[in-house]
Each structure stands twice: as C-alpha cells, then as structure tokens.
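The structure appears below as structure tokens.
All figures in this text were calculated on a predicted structure; none of them were measured in a lab. So that the names make sense, note that chain A is the first sequence line, chain B the second, and so on, each numbered from 1.
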2 protein chains.
Amino acid sequence: MAQVTRKPVRIPEGGAVREVLDRIGDKWSLLVIGTLREGPLRFGELKDAVAGISQRMLTLTLGHLVEDGLISRTAYAEVPPRVEYELTELGRTLLPMVISLAEWAMAHREEINANRTSRIRNEEDRPDER
Amino acid sequence: MAQVTRKPVRIPEGGAVREVLDRIGDKWSLLVIGTLREGPLRFGELKDAVAGISQRMLTLTLGHLVEDGLISRTAYAEVPPRVEYELTELGRTLLPMVISLAEWAMAHREEINANRTSRIRNEEDRPDER
DNA sequence: CCGTATCCTGTGGGATACTG
DNA sequence: CAGTATCCCACAGGATACGG
C-alpha cells in the first residue's frame with residue numbers, strides 16, 4: 001500500500017471503502033484487532049500473540065488504531081510500566097468481520113494454495129508455448 | 001505490504017490468516033471482488049468501476065485473483081478483444097465478508113475521521129509540549 | 001480493447017540500539 | 001516493560017509507451 005498520500009482521487013462514493021481499507025487494510029491491523037477479541041491485552045502479550053510482528057510495527061499499528069478510535073489504551077502508573085489495549089465499542093463492531101475473515105482463511109487456505117501451485121506447475125510443464 | 005518475501009516466520013497456526021491476508025489484503029483485491037458481486041465484468045468496465053486503479057494494478061490484481069482461483073477469466077476471440085472476469089464459487093464465498101466490510105466502512109467512516117482529526121487538533125493546539 | 005514492458009519513486013516495515 | 005529513534009532497502013504501485 002504505497003502512494004496513498006492523499007491523492008486527489010475524486011472517487012464517486014466507493015471512496016469511503018478505499019478510505020477505510022487504507023486504515024485497517026494494512027499488514028497488521030486486522031490481526032491485532034482479532035487478537036484482542038477475548039479482552040484487553042498488554043503490549044508484550046500482543047507482541048507474543050501476533051506472531052511475526054516487530055515491536056516497531058506493533059507500536060505503530062496500535063497508535064493508528066487508537067487514533068481511529070478502534071481500540072483504547074490504558075497506561076497504569078506502576079513500577080514496571082503496564083499498558084493495556086482493548087477494543088472500543090467501535091472496534092468491537094468490526095469483530096464479526098474479522099472473525100469471519102479469519103475462519104474463511106483457515107477454511108480455504110489449502111484450496112487457494114492448491115490452485116496457485118497447480119497453475120504454476122502447468123506453466124512450468126510447457127517451457128515454451130508462447 | 002512489503003518484504004513478505006516468504007520469510008521463515010514460523011507462526012504457530014494463525015499463520016493461515018496471515019497467508020490469506022497477504023493475498024487478498026493488498027490495496028485492490030477486496031475492491032475488485034466487491035465490484036464483481038453483481039456478475040461478470042469486462043476489463044474496461046472494472047477499470048471504470050474501481051475508481052483510482054491503474055491499468056497495471058488491475059491487470060496484476062486480476063492475475064493474482066485468477067491464480068488463486070477466486071475469479072475466472074474468459075477471453076472471447078473477437079475483433080476488438082473482449083475479456084470477462086467473474087467470481088468463482090470460491091470467490092463468492094468471500095463476498096459476504098467483503099460486503100459487510102464495505103457497509104461497515106460506509107457506516108463508520110465519519111466516526112473514524114472525527115476521532116482522528118480531533119486527536120490531531122489536540123496535538124496541534126499544544127505546539128510545543130515535547 | 002486488453003493487456004505487457006519499463007522506469008522510477010515513496011514508503012512499509014524489519015533490525016537494532018537506546019531510554020524512562 | 002513499553003516504548004522511541006535510526007538506519008536502510010525491497011517492493012508496491014503510479015505514469016507512460018508500446019504491441020497484438
């Protein structure tokens with residue numbers, strides 16, 4: 001997702017979709033939201049739960065989501081600092097889709113992989129058909 | 001979405017979600033899929049319907065989606081070439097989520113924008129609080 | 001009309017090191 | 001523990017021109 005830098009893009013009305021996709025359609029947002037479905041989590045817990053995410057990206061992603069009002073951030077002034085992130089009302093309205101998407105992903109992963117590798121094999125089998 | 005270049009990323013099991021998100025979570029895939037909800041469309045029609053997409057990206061996106069078996073491509077050997085794209089069975093199973101997502105986007109766009117701009121204003125009001 | 005081939009830039013995002 | 005600060009570059013993706 002590059003060069004979205006607020007182009008003119010008049011976009012009749014489906015623009016709203018683009019706009020929101022530019023927000024939650026990045027590499028980690030949906031994953032983070034889905035991870036918070038059970039309840040609040042600390043920074044470190046999220047880091048562990050969302051496998052593969054870097055500290056930097058978790059910070060940034062959380063920042064955006066808090067900014068957009070999808071999750072809330074609560075910092076407890078304790079000795080080892082503790083910060084908890086939790087879905088807001090708004091964030092929770094997004095949850096059903098995230099969960100559906102995740103389930104769809106799990107259910108059809110194999111099929112998609114099969115499709116694409118079979119197609120690749122077909123192309124490789126005919127070295128020069130152009 | 002950069003450097004997804006098939007990292008090792010062991011990811012316990014939510015990896016399936018990452019994998020699928022890497023496919024349909026790009027800038028245009030969901031938009032294209034949503035646009036095909038009514039039925040088959042020609043290349044040019046898609047280009048017009050998906051506001052803002054470049055010819056190149058439409059070609060690439062369609063290519064991936066066909067590869068993954070989410071949409072089908074039918075070329076008619078006519079004088080001005082005609083090519084139609086249509087959701088496959090698999091692709092249609094994804095439609096409910098895409099539509100929900102789009103509706104959610106339209107419904108909450110304002111709210112999200114309000115959240116973020118109010119926050120930005122707060123920061124700007126205090127020019128030097130660092 | 002439907003692409004494909006190039007070229008080129010912006011930026012997403014990882015790695016690493018440092019603070020309160 | 002929970003970030004911030006830098007550095008850095010692979011690559012998404014726009015613009016443009018050409019081809020069947």
Side-chain angles (χ1 to χ4, degrees), chain A residues 1-11 18 21-32 40-67 71-86 123 130, chain B residues 1-11 18 21-32 40-67 71 73-86 123 129-130:
Chain A
M1 226 154 281
Q3 290 92 294
V4 184
T5 356
R6 299 317 141 201
K7 267 211 324 169
V9 196
R10 54 295 182 212
I11 300 176
R18 253 265 57 82
L21 279 183
D22 284 341
R23 292 280 188 19
I24 60 165
D26 59 35
K27 191 169 183 179
W28 301 108
S29 291
L30 289 184
L31 246 22
V32 168
L41 286 179
R42 307 182 51 166
F43 186 89
E45 293 172 330
L46 270 170
K47 176 108 173 33
D48 291 341
V50 182
I53 196 170
S54 65
Q55 182 160 300
R56 183 182 123 93
M57 285 319 294
L58 181 54
T59 303
L60 286 180
T61 302
L62 288 171
H64 294 145
L65 293 175
V66 168
E67 220 174 82
I71 69 180
S72 63
R73 190 196 119 115
T74 316
Y76 298 89
E78 299 176 1
V79 187
R82 184 167 59 104
V83 182
E84 290 200 334
Y85 294 91
E86 185 173 15
E123 282 164 8
R130 85 184 53 210
Chain B
M1 222 155 283
Q3 289 92 295
V4 185
T5 355
R6 300 314 141 205
K7 267 209 326 166
V9 196
R10 53 296 182 210
I11 300 175
R18 253 264 59 81
L21 280 182
D22 284 342
R23 293 281 188 20
I24 59 165
D26 60 36
K27 191 169 183 178
W28 302 108
S29 291
L30 289 184
L31 245 23
V32 167
L41 286 179
R42 306 182 51 167
F43 186 89
E45 293 172 330
L46 271 171
K47 176 103 172 41
D48 291 340
V50 182
I53 196 170
S54 64
Q55 182 160 297
R56 182 184 124 94
M57 284 320 293
L58 181 53
T59 303
L60 287 180
T61 303
L62 288 171
H64 293 146
L65 293 175
V66 168
E67 220 174 81
I71 69 179
R73 189 195 121 117
T74 316
Y76 298 88
E78 299 175 1
V79 186
R82 183 166 60 103
V83 183
E84 289 199 335
Y85 294 91
E86 184 173 16
E123 282 163 8
E129 197 186 75
R130 86 183 52 203

* Asked: Roughly, in whole Å, what's the span from NZ in A:Lys27 to P in C:dT11?
  -> 18 Å

* Asked: At under 4.0 Å between heavy atoms, what does B:Tyr76 touch on the DNA or RNA strands: base, sugar-phosphate, or nothing?
  -> nothing

* Verify the contact: side-chain N or O of A:Arg73 to OP1 or OP2 of D:dG3, cut-off strictly under 4.0 Å; return yes or no. => yes

* Secondary structure of DNA chain D in dot-bracket form (Watson-Crick or G-U wobble, distances below 3.5 Å, | marking inter-strand pairs) -> ||||||||||||||||||.|

* To do: Write down the atom of A:Arg42, the atom of A:Glu45, and the distance for their closest heavy-atom approach.
  => N-OE1, 2.8 Å

Identify all side-chain donor-acceptor contacts of residues 46-61 of chain A below 3.5 Å with residues at least two apart in sequence or on another chain.
from    : atom 1 : to      : atom 2 : distance (Å)
A:Ser54 : OG     : A:Met57 : N      : 3.2
A:Thr59 : OG1    : A:Gln55 : O      : 3.0
A:Thr61 : OG1    : A:Met57 : O      : 2.7

* To do: Specify the closest pair of heavy atoms between A:Ile24 and A:Ser29, including all atoms of both residues, with the distance to one decimal.
  => O-CB, 3.6 Å

* Given C:dC2, C:dG14, D:dG14, which nucleotide is nearest the side-chain atoms of A:Met57? -> C:dG14

* To do: Could you check how far CG of A:Leu58 sits from C1' of C:dG14, rounded to whole Å?
  => 14 Å

* Length of the line joining B:Glu84:CD and C:dC1:C1', which is rounded to integer Å -> 13 Å

* From the list C:dG3, C:dC1, D:dG14, which nucleotide is the closest neighbour of the side chain of B:Pro80? -> C:dC1

* Structure fact -> dist A:Leu62:CG -> A:Arg73:CZ (nearest 0.5 Å) comes out at 9.0 Å

* Asked: Atom CD of B:Glu78 to atom P of C:dC2: distance rounded to whole Å?
  -> 10 Å

* Rounded distance [0.5 Å steps], CD1 in B:Ile71 versus NE2 in B:His64 -> 11.5 Å

* Taking only N and O in the side chain of B:Arg56, is any of them less than 4.0 Å away from OP1 or OP2 of D:dA15? -> no

* To do: Please figure out whether A:Pro81 or A:Thr59 has its closest DNA chain D nucleotide nearer the 5' end.
  => A:Pro81

* Rounded to the nearest 0.5 Å, what separation is found between the OH atom of B:Tyr76 and the OG1 atom of B:Thr74? -> 5.0 Å

* For A:Leu60 and C:dG13, what is the distance between atoms CG and P respectively, to the nearest whole Å? -> 9 Å

* Asked: CG of B:Asp26 versus P of C:dG12: gap in Å, rounded?
  -> 15 Å

* May I have the distance from A:Arg23 (atom CZ) to C:dG12 (atom C1'), rounded to whole angstrom? => 17 Å

* **Nucleotide nearest A:Trp28 (side chain, heavy atoms from C-beta), chosen from C:dG14, D:dC1, D:dG3** => C:dG14

* To do: Using side-chain contact (heavy atoms from CB on, under 4.5 Å) as the criterion, list what pairs up with B:Pro81, not counting sequence neighbours.
  => none

* To do: Figure out the CD1/P separation between A:Ile53 and C:dG12, and round it to whole Å.
  => 14 Å

* Asked: Under 3.5 Å, is there an N or O donor on one side and an acceptor on the other linking the side chain of A:Gln55 and the base of C:dT16?
  -> no

